[in-house]
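Source: prediction; values computed, not measured. We use all heavy atoms of the structure for the numbers below, so side chains are in, but hydrogens, waters and symmetry mates are not.
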Amino acid sequence: MRTVITASRGVVGLSGAAAPSLREVGYFSEYRRPRMLSPLREHLRDTFWFAPVVAMAGVFVLWAAASAVDTALVEALQEAEAYDEVTELIGIVEDAKTIVTTISSAMMTFIGVVFSISLVAVQMASGQFSPRVVRIFIRSRITKATFSVFLATFLLSLLVLTSYDSGTDPRRVSTVPLVQSALTLLMVGLSLLLFVAYVNTTLRLMRVGHVVERITTESFRVLAKQPRYAGEVDALGEATAFLVHRGRAGLVRDVNVALLVRAARRQGVVLRLLPRIGDFVVPGTPVLAVHGGQASRRLAAAVSVGVERTFHQDVGFGLRQLADIGLRALSPAVNDPTTAVQSLDRITQLLAELAGRPLGTVHHRDRAGVVRLVQDVPGWTDLVDLGFTEIRGCAAGNPQVSRRMLAGLDDLLSLAPEDRREPLVRHRTLLVQLVERTAPEGADRAFALEADRQGIG
């Protein structure tokens, strides 16, 4: 596999050290073929209901197993005529019943507190950074785990309360919920530990440095899943059929690559995805072009459409979010150029990683190496414009931003191949012209046009 030019040759991150490449942060690996259920898994990660529902279903199974153990334990003691031991167990669980009752009444209040913290954090992140970063909180594993365990603990406490026998005769009691009560106490302990971890994670995600780092990490994962360039594909020729979108209008979130490649191989055709990931489509819009034959109309359902973009297969979505954060930071209502500099740090890091990668078209091949799906992705110029255009337009009067952008462009010019330098030179020239036009004093112009990786370091 060809070596990828990485950001470690001079692009500086938030801490002032060289920004890591895909290999250094652990996301660089051999290309893995997309799996059939991969889109479904990603869609479930973008929901908040799935994990709590699974947790509550698991609680029913756990409670049934614990109840069976308690019943078997009591029956074994009764058969052995160990009535004193049964009486002792009844005394223990009666003391535990008070605790379980308290847990069941207090856990819903605890859940309300956690949910309130989540809403406040989401509201602050949406207003301070960008509405598109809300999905970070939705996809947070620790948030889902905390909410799921709290609900599971509440449900388990209710189920355990139904297992308590009002009788005290050791010869006639059918069950003594000893194991169930112990499990409830263990769940409470786990809930407390998760609550501490949840608060810590939520506070971190309310800080811009951790937000842009999380966006960059997700973007690296997307790049690692992209197939490597493997030569030119034969001319596809004229399309023999088009498959149109029949569902609701929305943004193209992702496509089930494994399904389309398998279907194209079975039908002996080549498919081409017409819209890019992130494009808005309406019913009746052609989404797949068929080359070399005919294909089932049902394959259009493999193109998933939703109300917002996701990271799953969207190469430019990370840059879109980083640019939005930087742009909002430079608005007159916020006026926070340091946050814009932090966004530029990560934009430069991502573009440095993309500088040596083939872009523009992705070829998905079957196991025999035959191209079965052709997918357009943003080209180098598109990604550079996405990362710099809007922030550059707001750099006037913000020397910290202009100095950091110049340093980032200079770093990228040293990394990019000769044929990819034109958009970088264009943005650098436009930035210099903007500063010269808006800074009245020569000393201010000279200061604003001095490259500095910290903005004003």
Side-chain angles (χ1 to χ4, degrees), residues 37-79 85-86 88-119 137-168 170 172-199 201-202:
L37 297 179
S38 181
L40 176 61
R41 181 184 61 194
E42 290 297 323
H43 296 169
L44 290 178
R45 286 190 64 192
D46 283 330
T47 64
F48 201 79
W49 60 266
F50 181 71
V53 168
V54 172
M56 288 188 290
V59 160
F60 275 102
V61 177
L62 183 64
W63 170 72
S67 180
V69 172
D70 285 329
T71 301
L73 177 61
V74 172
E75 291 177 351
L77 291 175
Q78 289 173 340
E79 290 176 359
E85 285 78 359
V86 176
E88 185 178 353
L89 290 179
I90 293 174
I92 294 175
V93 298
E94 284 298 324
D95 293 336
K97 183 178 180 180
T98 304
I99 300 175
V100 174
T101 304
T102 304
I103 292 170
S104 63
S105 60
M107 190 54 66
M108 284 306 296
T109 303
F110 206 25
I111 293 173
V113 171
V114 174
F115 192 64
S116 300
I117 294 175
S118 298
L119 290 180
F137 292 87
I138 297 176
R139 288 173 65 93
S140 173
R141 289 187 175 93
I142 189 64
T143 301
K144 292 180 181 179
T146 303
F147 198 64
S148 300
V149 172
F150 282 8
L151 287 176
T153 303
F154 173 69
L155 180 59
L156 180 61
S157 65
L158 294 181
L159 294 174
V160 172
L161 287 176
T162 63
S163 300
Y164 282 96
D165 197 330
S166 59
T168 58
R172 296 183 178 181
V173 293
S174 58
T175 183
V176 178
L178 178 64
V179 176
Q180 300 171 58
S181 301
L183 282 176
T184 304
L185 296 178
L186 288 176
M187 290 289 289
V188 171
L190 179 60
S191 299
L192 294 176
L193 292 176
L194 282 174
F195 179 71
V196 174
Y198 165 76
V199 172
T201 301
T202 302

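Between L161 and S104, the closest side-chain pair of non-hydrogen atoms falls below 4.5 Å. The shortest side-chain heavy-atom distance between F48 and T143 falls under the 4.5 Å cut-off.
The nearest pair of heavy atoms linking S148 to A51 is OG-C, 3.3 Å. For the pair L194 and A145, the tightest heavy-atom approach, listed with the atom from each and the gap, is CD1-O, 3.8 Å.
Formation of a donor-acceptor pair under 3.5 Å by the T184 side chain with backbone atoms of Q180 is found in this model. Panel note: side chain T201, backbone Y198; no donor-acceptor pair is recorded below 3.5 Å. Side chain of K144 to main chain of T47: a donor-acceptor pair is present (N/O by atom type, distance under 3.5 Å, no hydrogens or angles). In this structure a side-chain-to-backbone donor-acceptor pair under 3.5 Å is missing from T202 to V199.
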Side-chain donor-acceptor distances from residues 149-158 under 3.5 Å, at least two apart:
{"residue": "T153", "atom": "OG1", "partner": "V149", "partner atom": "O", "Å": "2.8"}
{"residue": "T153", "atom": "OG1", "partner": "S191", "partner atom": "OG", "Å": "3.1"}
{"residue": "S157", "atom": "OG", "partner": "T153", "partner atom": "O", "Å": "3.4"}
{"residue": "S157", "atom": "OG", "partner": "F154", "partner atom": "O", "Å": "2.6"}

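For the atom pair OG1 (T98) and CD1 (I103), the distance works out to 11.0 Å, reported to the nearest 0.5 Å. Atoms OG and CG, from S67 and L183 in turn, are 11.0 Å apart once rounded to the nearest 0.5 Å. Separation of atoms OG1 (T102) and CE (M107) is listed at 11.0 Å; rounding is to 0.5 Å.
Residues satisfying the ring-ring contact (aromatic ring centres under 6.0 Å, His included) criterion with F60, sequence neighbours excluded, are absent altogether. For V113, the side chain to side chain contact (heavy atoms under 4.5 Å, CB included) partners at least two apart in sequence or on another chain are I117.
Exactly one of V100, V179, T101 qualifies for a side-chain contact (heavy atoms from CB on, under 4.5 Å) with V160. That residue is V100.
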